[in-house]
Amino acid sequence: MKPKQVIPLIAICFIWGGYYVASQQTVKHMSVFDTGIVIRFLTMCLLFVIMGIRGELKELVQVKGVLGRLLLIGVLGFSLDLTAFIGLTISSAGTGTALLKCDILFVNLISCLIYKKRFSKREWLFTLVMLFGVFMVVGVDLLHFKVDAGSIFFILSALFVSINAFVIKSAQLDKVNPQSDDVVAFYNNFVTMILFAVTSLCMGTIGELSRLGSDRELLLWSILAGLGQTGIYLVYYYDLRHFPVWMVKTFLLMMPVIAAILVFFLFGQRMSVSEILGVAIVLLGGLGMLLSERDSIKKGTILEGR
């Protein structure tokens with residue numbers, strides 16, 4: 001893999017890490033349901049402008065044969081957020097963040113079962129090494145780790161994330177009516193926003209949206225989160241189109257590391273020794289995956305569709 005090819009894979013880690021920090025700050029001021037509405041409304045406006053400039057708005061109605069998958073992508077997007085939130089209400093955030101990164105294992109299993117991708121023992125080893133590093137970064141005590149009800153919801157969220165990645169790629173690469181990244185992103189974002197709005201109405205939290213007019217800090221973090229979500233759609237979908245899902249997910253294991261570094265510089269929250277060691281382990285695991293990828297290319301065994 002050439003250095004230039006790695007740039008979008010590294011970029012999505014920084015964008016997603018920044019989005020994670022901004023969305024966490026937003027949730028401190030407003031319910032998660034209203035946060036979802038605000039972030040996705042801002043994202044919808046930005047996507048609408050971007051698609052207008054690119055002349056892609058007409059493509060939003062050219063979805064014959066793919067509409068069902070586009071709606072499914074939005075439902076899965078809402079489901080992965082909802083299950084993660086339920087998990088956070090009954091379990092610790094540290095455990096949740098770690099378990100959500102288990103999506104790389106689901107992706108690898110799906111790649112093996114559906115796409116017949118063969119991972120070497122070394123690739124599986126480096127995947128597990130990176131996952132262990134993530135656990136250290138988010139501060140999970142593996143010796144006293146328990147699988148409770150909250151953990152089940154986190155695992156479900158990770159599963160939804162994994163399935164959604166493959167559904168997104170199937171819509172992008174449909175043989176009859178392939179969809180552009182922006183169209184997939186728009187449907188995903190719009191359906192998720194509608195579902196968050198319906199949920200907010202049912203939960204009676206919709207009134208919290210008025211805080212945006214009086215809380216400047218909330219407004220700032222909401223705008224940053226909206227920009228981050230838009231960046232995720234643009235870069236993440238580009239990565240899914242051009243790289244195997246398992247590779248994108250492997251790079252995204254560095255996202256909690258970047259989020260931890262951003263929190264340190266923005267809020268002065270220092271990293272513990274175990275967290276620093278976790279950062280080093282994740283980076284070493286990522287280097288190992290890249291070296292394994294290079295060897296696979298040389299041997300001509302890399303998965304087609306990259």
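- Closest non-hydrogen pair, D239 versus V248, comes out as O-CG2, 3.7 Å.
- Between K169 and R241, the closest side-chain pair of non-hydrogen atoms is not below 4.5 Å.
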* Residues F41, C45; criterion side chain to side chain contact (heavy atoms under 4.5 Å, CB included); working and verdict -> CA-CA 6 Å; F41 178 77; C45 294; 3.9 Å; yes
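- Cluster membership for V27 and L218, using ILVMFWY side-chain heavy atoms within less than 4.5 angstrom, is not shared.
- In this structure, L159 and T83 have side chains that are not in contact, with every pair of non-hydrogen atoms separated by 4.5 Å or more.
- By the side chain to side chain contact (heavy atoms under 4.5 Å, CB included) test, F166 is found to be paired with V107, I110, S111, Y115, V245, residues two or more places apart in sequence or in another chain being considered.
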* From CA spacing to verdict: side chain to side chain contact (heavy atoms under 4.5 Å, CB included), F126, L284 -> CA-CA 8 Å; F126 285 126; L284 288 174; over 6 Å; no
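- Both F132 and L277 belong to a common hydrophobic cluster when Ile, Leu, Val, Met, Phe, Trp and Tyr are linked at side-chain heavy-atom distances under 4.5 angstrom.
- With sequence neighbours excluded, the residues satisfying side-chain hydrogen bond (donor to acceptor under 3.5 Å, both in side chains) with Q172 are D181.
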Let me check something: any side-chain donor-acceptor pairs from residues 194-203 under 3.5 Å, sequence neighbours excluded? List them with distances.
{"from": "T199", "atom 1": "OG1", "to": "L195", "atom 2": "O", "distance (Å)": "2.7"}
{"from": "S200", "atom 1": "OG", "to": "D34", "atom 2": "OD1", "distance (Å)": "3.0"}
{"from": "S200", "atom 1": "OG", "to": "T205", "atom 2": "OG1", "distance (Å)": "3.0"}
{"from": "S200", "atom 1": "OG", "to": "I206", "atom 2": "N", "distance (Å)": "3.2"}

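- You'll find the side chain of V38 reaches within 4.5 Å of the side chain of L209, heavy atoms only.
- Taking CG of L173 as the start and CG of L240 as the end, the distance is 9.5 Å to the nearest 0.5 Å.
- When all heavy atoms of I39 and S23 are compared, the pair lying nearest together is CD1-CB, 4.3 Å.
- No path of Ile, Leu, Val, Met, Phe, Trp and Tyr side chains, each step under 4.5 Å between heavy atoms, connects L234 with V49, placing them in separate hydrophobic clusters.
- Under the 4.5 Å side-chain heavy-atom criterion for Ile, Leu, Val, Met, Phe, Trp and Tyr, I258 and V6 are members of the same hydrophobic cluster.
- Using a 4.5 Å heavy-atom cutoff, the side chains of V176 and K64 are not in contact.
- Taken to the nearest 0.5 Å, the CG atom of N188 stands 10.0 Å off from the OH atom of Y236.
- Put simply, the side chain of R69 never gets that close to the backbone of I168: no donor and acceptor are under 3.5 Å apart.
- Under the rule for a side-chain hydrogen bond (donor to acceptor under 3.5 Å, both in side chains), Y238 has no partner lying at least two apart in sequence or in another chain.
- Here CG of L47 is found 9.5 Å from CZ of R54. Values are rounded to the nearest 0.5 Å.
- Between Y233 and Y237, the two ring planes are perpendicular [angle over 60°; tilted spans 30° to 60°].
- When atom types are taken as modelled, the side chain of E208 and the backbone of S31 share a donor-acceptor pair closer than 3.5 angstrom.
- Scanning both residues, L46 and G226, for their nearest heavy atoms gives CD1-O, 4.2 Å.
- Minimum heavy-atom separation, D182 to E56: OD2-OE1, 2.5 Å.
- Counting all heavy atoms, side chain and backbone alike, V184 lies closest to I73 at CG1-CD1, 3.8 Å.
- S170 and V167 make their closest contact through OG-O, 2.6 Å (heavy atoms, listed as atom of the first residue, atom of the second, distance).
- The closest donor-acceptor contact from the side chain of T192 to the backbone of G74 lies under 3.5 Å.
- When side chains are defined from C-beta on, V63 counts as touching Y187, because their heavy atoms get closer than 4.5 Å.
- With sequence neighbours excluded, no residue forms a side-chain hydrogen bond (donor to acceptor under 3.5 Å, both in side chains) with E217.
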* To do: Before giving the answer on side chain to side chain contact (heavy atoms under 4.5 Å, CB included), spell out for F48 and F186 the whole-Å C-alpha distance, their side-chain angles and the decisive distance to 0.1 Å.
  => CA-CA 8 Å; F48 194 84; F186 192 92; 4.2 Å; yes
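- Between L82 and F33, some side-chain heavy-atom pair lies under the 4.5 Å cut-off.
- F265 and L224 fall within the same hydrophobic cluster, defined by Ile, Leu, Val, Met, Phe, Trp and Tyr side-chain heavy atoms under 4.5 Å apart, directly or through other members.
- With a 4.5 Å cut-off on side-chain heavy atoms, S180 and V183 count as touching.
- Taken from CG in L67 to CG in L72, the straight-line distance is 11.0 Å, to the nearest 0.5 Å.
- In this structure D215 satisfies the salt bridge (charged side-chain N to carboxylate O under 4.0 Å, His left out) test with no other residue, sequence neighbours excluded.
- F78 contributes atom CZ, which lies 11.0 Å from atom CZ of F160 (distance to the nearest 0.5 angstrom).
- Interatomic distance, F14 CZ to L262 CG, rounded to the nearest 0.5 Å: 8.0 Å.
- The shortest side-chain heavy-atom distance between K121 and L125 does not fall under the 4.5 Å cut-off.
- With hydrogens and angles ignored, the 3.5 Å screen pairs a side-chain donor or acceptor of Q179 with a backbone N or O of N177.
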